[in-house]
2 protein chains.
Amino acid sequence: MGDVALRAGVAKTTLYRRWAGKNELVVDAVAVLFDELELPDLGSLSADVQGVVLQFAALLERPETKTALMAVVAESTRDEALRTRIRDSIVARQKRLVLLGRERAQERGELPSEADPATAARTADLIFDVIAGAVVHRALVSAEPVDADWAQRFTVLLIAGLGATASGRVDQKPGGSV
Amino acid sequence: MGDVALRAGVAKTTLYRRWAGKNELVVDAVAVLFDELELPDLGSLSADVQGVVLQFAALLERPETKTALMAVVAESTRDEALRTRIRDSIVARQKRLVLLGRERAQERGELPSEADPATAARTADLIFDVIAGAVVHRALVSAEPVDADWAQRFTVLLIAGLGATASGRVDQKPGGSV
DNA sequence: GGAGTTACGCTACGGGTCGTAGCGTATGGA
DNA sequence: TCCATACGCTACGACCCGTAGCGTAACTCC
């Protein structure tokens, strides 16, 4: 915090006049970093997914990003208010990427239109947790590279799974396709 | 740390004689917690996946587990040695669950046998990151419940994706099934 | 049985960081 | 000109990690 104030050229007390504490400041900083993510139209759902995966991985490779993100998530484990703040400021904002990607895929005819809005929202949440969770886990927990090959393999898995989810295969015993 | 020593009924210095520092102790503690995970044979790949997802989620709901895990992962962001220690003590150990689940599914005929061992290993790593990452992200970042409904939806997605991965569908533009 | 080794307990301390109190100061508008 | 608002600065309290140094008990080995 002293370092932050130093780099910002302000007094430490000024930081505490704008943010309630270290956690709040870090959440806001991370939220700004995540706003760099974009979803250019690469022509297919597969390419879009791979693109965002590699982009997210590149963001997570930057020391400030991964350290700040994980530190604040770890802290949120013991602070309910911080947890909701993370969800509102970071998670909810980036769901736009999933919604935009799905919309484009539907326009291309790669995914069917959603019938039930509630189911559509739950599916979007599922997709978001799968993508973000897998990339974070691969990069920061397993500590192995998120390269083009991995992104490609992950995308194959995800999109095939998406097809099953979208086609209403919600029986109690899935996996009958093999 | 003072609290740990107090609860253990030993002096703080004794802890530092057994572990190099707080991080190493926490990694070992988390590794023990993760060893509670089991993979009972529930009769189908789908049931096995749902079972382990719910079991993992229950483990992550316990305050000690989630706080300790995320704290040490966050710290590993700035400590390469700690990072490899986490990978060796926690991640690598729990890959047994994926390998066992796949083996059973192959015996049941739900998944084909692997031709290339290297590809099989990479696929196992992918599955592990997807499962662990999605559950952790859902529970601790999105801060939404990992209940039976979510586990069921996630399993449908994963197993359908597994089918695509296993059947050698590794073309540049997947998703042609929709 | 005596001497040495090993492991542990205990106190005190240094270092670092978060967050706050209190006070002085400048800027900008009425 | 006066007042309100915001900022800078110093000092400080509180907390926690990790270590130094020393005393002590148990255990082994001759």
Side-chain angles (χ1 to χ4, degrees), chain A residues 1-34 60-91 136 140-141 143, chain B residues 1-34 60-91 136 140-141 143:
Chain A
M1 287 291 119
D3 295 352
V4 172
L6 196 64
R7 282 189 53 181
V10 298
K12 199 173 57 168
T13 49
T14 302
L15 296 182
Y16 286 99
R17 288 188 180 107
R18 295 193 179 279
W19 287 275
K22 186 175 76 160
N23 295 326
E24 286 76 9
L25 184 148
V26 175
V27 169
D28 286 3
V30 172
V32 170
L33 289 171
F34 271 66
L60 283 183
E61 274 177 12
R62 287 155 59 181
E64 334 98 61
T65 310
K66 62 180 173 188
T67 299
L69 175 66
M70 298 314 286
V72 80
V73 167
E75 205 70 21
S76 76
T77 288
R78 304 185 299 169
D79 185 337
E80 189 63 29
L82 186 63
R83 212 165 106 158
T84 65
R85 192 182 176 107
I86 289 176
R87 193 182 50 195
D88 296 345
S89 300
I90 301 177
V91 178
V136 169
L140 302 186
V141 182
Chain B
M1 288 293 119
D3 296 351
V4 172
L6 197 64
R7 283 189 51 181
V10 297
K12 199 173 57 166
T13 50
T14 301
L15 296 182
Y16 285 100
R17 289 189 180 106
R18 295 193 179 277
W19 286 274
K22 186 175 75 161
N23 296 325
E24 286 76 7
L25 185 149
V26 174
V27 170
D28 286 3
V30 172
V32 171
L33 289 172
F34 270 66
L60 284 181
E61 273 177 13
R62 287 155 59 180
E64 335 98 59
T65 309
K66 62 180 174 188
T67 299
L69 175 66
M70 297 315 287
V72 81
V73 168
E75 206 70 22
S76 76
T77 288
R78 305 184 298 169
D79 185 338
E80 189 62 28
L82 187 63
R83 210 165 107 160
T84 66
R85 191 181 176 108
I86 289 176
R87 192 182 50 194
D88 296 344
S89 300
I90 302 176
V91 177
V136 169
L140 302 185
V141 182

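None of the values given here were measured: they were computed from a predicted structure. Here is how names work: the chains are called A, B, and so on, in the same order as the sequence lines, proteins then strands, and each is numbered from 1.
The interatomic distance linking Glu75(A) (CD) with dG19(C) (C1') rounds to 14 Å, in whole Å. Between the CG atom of Leu6(A) and the P atom of dG8(D) there is a distance of 12 Å, rounded to whole Å.
Of all heavy-atom pairs between Leu82(B) and Ser76(B), the closest is CD2-N, 3.7 Å. Closest of all the heavy-atom pairs between Ala5(B) and Ala11(B) is CB-C, 3.9 Å. Minimum heavy-atom separation, Met70(A) to Val136(A): SD-CG1, 4.4 Å. Shortest non-hydrogen contact noted between Tyr16(A) and Met1(A) is OH-CG, 3.8 Å.
A donor and an acceptor atom sit less than 3.5 Å apart, one in the side chain of Thr13(B) and one in the base of dC10(C). Residue-to-nucleotide contacts include a donor-acceptor pair under 3.5 Å from the side chain of Lys12(A) to the base of dG19(C).
Within the 4.5 Å cutoff, the side chain of Glu75(B) has no heavy atoms near those of the Val26(B) side chain. Between Leu69(B) and Leu60(B) there is a side-chain heavy-atom pair separated by less than 4.5 Å.
Within residues 78-85 of chain B, no residue has a heavy atom under 4.0 Å from DNA chain C. The stretch residues 15-28 of chain A comes close to DNA chain C through Tyr16(A), Gly21(A), Lys22(A), each having a heavy atom under 4.0 Å from the strand.
The salt bridge (charged side-chain N to carboxylate O under 4.0 Å, His left out) test with Asp28(B) singles out one residue from Arg18(B), Lys22(B), Arg85(B), and that residue is Arg85(B).
At the phosphate of dG9(C), OP1 or OP2 sits under 4.0 Å from a side-chain N or O atom of Thr14(B).
Taken from OG1 in Thr77(A) to CG in Asp79(A), the straight-line distance is 10.0 Å, to the nearest 0.5 Å.
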